[in-house]
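Here the structure is a predicted model, which means the values were calculated and not measured. In this chain, residues are counted from 1 in sequence order.
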Amino acid sequence: MKTFFGWRVVAAASTVAMFGWGFGLYGPPIYLQSVIDRTGWPVALVSAAVTVHFLVGAVTVAGMPNLYARFGAVRTTAVGVVALALGVIGWATSDHPALLFLSACISGCGWATMGAVALNGFVSPWFIRRRPFALSLAYNGATLGGVVMTPAWVLSIEALEFKGAALVIGGVMIAVVTTLLASILSKRPRDVGQYPDGQTDADGGLPRQANAQTVAALRRNRSFLTLAAGMSIGLFAQVGLLAHLFSLLLPILGEVNSGYLLSGATACAVLGRSLFGWLMPREANRRVVAALSYGFQIVGCLCLIAGLSGHPGLAIAGVLLFGFGIGNATSLPPLIVQAEFPEVQVQKVVSLVISASQATFAFAPAVFGLLRDSAGSWGGTEGPSLAIATAVIFAAAICCFMMGRGQAETD
């Protein structure tokens with residue numbers, strides 16, 4: 001029996017995600033410190049370049065459907081991977097702030113072509129019934145971007161300095177991703193004589209088709225608005241707390257144990273995404289599943305409130321529960337789109353939702369930093385204050401998701 005090619009696509013897409021997130025999301029905090037060490041520029045200046053990187057990525061994501069329509073997903077991603085590598089080399093070599101910000105724009109554009117929109121575009125044609133599980137596996141590559149690429153960056157920069165590391169790792173990324181694009185990700189089921197999910201005919205559970213809505217109509221669509229708001233708010237809280245979590249854990253657990261614990265949170269993210277994708281019934285309301293995932297993270301925040309006040313056991317439990325929902329924050333919203341919108345519009349809606357969330361969470365580290373400083377000036381405790389704020393924001397995200405229940409059929 002011929003092996004179903006779709007699983008190769010999932011593995012290839014996961015590898016693309018590992019490089020994309022490893023360069024585009026987990027890389028900037030490392031670039032920031034390396035640039036500061038090399039140039040002596042102010043933290044605020046280099047941090048602004050990181051924000052530009054995320055904002056340009058958000059703008060690019062919004063235009064991805066147009067790029068796909070004109071150039072195709074494979075060509076767009078191939079150009080993007082080269083742009084991402086060149087942009088990071090620019091981070092490593094810029095000797096003037098203007099060049100740094102130009103490099104941030106280039107890297108932001110490149111990362112956008114290797115993110116969630118690309119994963120959905122590559123994997124979705126191969127699966128219908130098993131799409132949640134397949135996408136959850138592909139998105140695990142994004143989490144591996146933190147597990148694999150972060151230490152790779154640190155060790156390479158220590159051995160080769162930033163410029164050498166950017167050249168070596170960037171070259172490896174270009175070689176691997178372009179090979180996967182040419183040999184696997186350029187294929188569609190009809191190209192290899194197969195049907196989605198490995199079926200033997202073309203009729204197995206094709207999604208209901210409907211008329212696509214215009215972008216203007218989407219702006220009045222309650223399902224779209226609540227989904228975009230829920231994802232944006234949830235990721236804002238998640239990225240904001242993650243940006244400060246390591247430094248908050250240091251006084252309680254020490255540097256080494258804090259690093260191990262954050263790696264454990266990443267492992268929990270893989271576990272949480274895989275379990276939700278595997279166990280979620282096809283007919284399940286995916287908004288409820290997203291709310292449940294954020295519920296785990298709220299419980300984690302409640303543990304952190306006490307844990308960051310000096311109780312290591314609760315701090316460990318809180319970080320692991322928080323990590324359990326990290327992966328679902330990015331993988332579940334596209335699955336909600338696929339359940340609530342016609343197939344012809346999925347790519348556009350996914351790109352708009354992701355663009356909105358990325359533009360929102362770009363400001364999260366700075367806002368949480370201000371909140372942290374304010375908590376200290378008010379005589380409060382920084383860690384518990386951030387945990388409380390995160391739990392409240394997660395609760396708001398749950399409200400947004402639940403407000404859109406049942407709207408797909410009526411909007």
Side-chain angles (χ1 to χ4, degrees), residues 21-60 83-112 146 149-151 153-167 169-170 235-251 255 258-259 262 358-378 380 382-383 385-386 389-390:
W21 265 266
F23 272 71
L25 181 63
Y26 297 105
I30 299 172
Y31 311 156
L32 182 146
Q33 190 60 49
S34 297
V35 170
I36 293 172
D37 291 342
R38 179 175 61 85
T39 63
W41 291 340
V43 174
L45 174 66
V46 186
S47 297
V50 174
T51 298
V52 168
H53 165 86
F54 287 130
L55 290 177
V56 170
V59 173
T60 305
L84 181 54
L86 292 176
V88 175
I89 292 171
W91 280 80
T93 58
S94 296
D95 56 6
H96 189 279
L99 295 177
L100 178 65
F101 280 90
L102 176 61
S103 299
C105 292
I106 296 172
S107 63
C109 288
W111 176 43
M149 298 302 299
T150 297
W153 276 119
V154 173
L155 295 174
S156 298
I157 290 172
E158 183 178 349
L160 305 172
E161 298 187 343
F162 191 11
K163 179 180 178 180
L167 287 169
I169 300 179
L235 280 175
F236 180 87
Q238 189 165 280
V239 171
L241 182 60
L242 280 172
H244 297 272
L245 192 54
F246 181 76
S247 61
L248 293 174
L249 292 169
L250 282 177
E255 184 173 357
S258 296
L262 290 182
Q358 190 167 319
T360 303
F361 76 65
F363 297 97
V367 172
F368 270 64
L370 292 173
L371 178 61
R372 187 174 178 180
D373 291 341
S374 299
S377 65
W378 294 337
E382 297 174 358
S385 298
L386 291 189
T390 303

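- Side chain of R38 to main chain of D95: no donor-acceptor pair is present (N/O by atom type, distance under 3.5 Å, no hydrogens or angles).
- Within the model, atoms CG of L84 and CD1 of I106 stand 11.0 Å from one another, a figure rounded to the nearest 0.5 Å.
- Rounded to the nearest 0.5 Å, atoms CD (E161) and OG (S34) are 10.0 Å apart.
- Formation of a donor-acceptor pair under 3.5 Å by the S107 side chain with backbone atoms of A104 is found in this model.
- Between atom CD1 of residue I169 and atom CD1 of residue I157 there is a gap of 7.0 Å, rounded to the nearest 0.5 Å.
- One N or O on the side chain of T39 and one on the backbone of W41 form a donor-acceptor pair closer than 3.5 Å.
- Note that CG of L242 and CD of Q238 are 6.0 Å apart. Values are rounded to the nearest 0.5 Å.
- Residues that satisfy the side chain to side chain contact (heavy atoms under 4.5 Å, CB included) test with L160, not counting sequence neighbours, are V168.
- In this structure, the separation between CG on L55 and SG on C105 is 9.5 Å, given to the nearest 0.5 Å.
- Taking all atoms of both residues into account, the shortest heavy-atom contact from G22 to W153 is O-NE1, 3.4 Å.
- The aromatic rings of Y31 and F162 lie parallel to each other, their planes meeting at an angle below 30°, with 60° marking the opposite boundary.
- The aromatic rings of H53 and W111 lie parallel to each other, with less than 30° between the two planes, well short of the 60° mark.
- Contact record, V56 with C109: CG1-SG, 3.5 Å, taken as the closest heavy-atom pair.
- L371 CG to S385 OG: the interatomic distance, rounded to the nearest 0.5 Å, is 6.5 Å.
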Exercise for review: Could you check F236 against F368 for side chain to side chain contact (heavy atoms under 4.5 Å, CB included), going step by step and ending with a plain yes or no?
Suggested key: CA-CA 10 Å; F236 180 87; F368 270 64; 3.8 Å; yes
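- The two atoms that bring A359 and A58 nearest to each other are N-CB, 3.6 Å, heavy atoms only.
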Could you tabulate the donor-acceptor pairs under 3.5 Å formed by side-chain atoms of residues 23-30, not counting sequence neighbours?
none

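- Minimum interatomic distance between A166 and A92 (heavy atoms only, all atoms of both residues): CB-CB, 4.3 Å.
- Residues satisfying the side chain to side chain contact (heavy atoms under 4.5 Å, CB included) test with L167, not counting sequence neighbours, are I89, K163.
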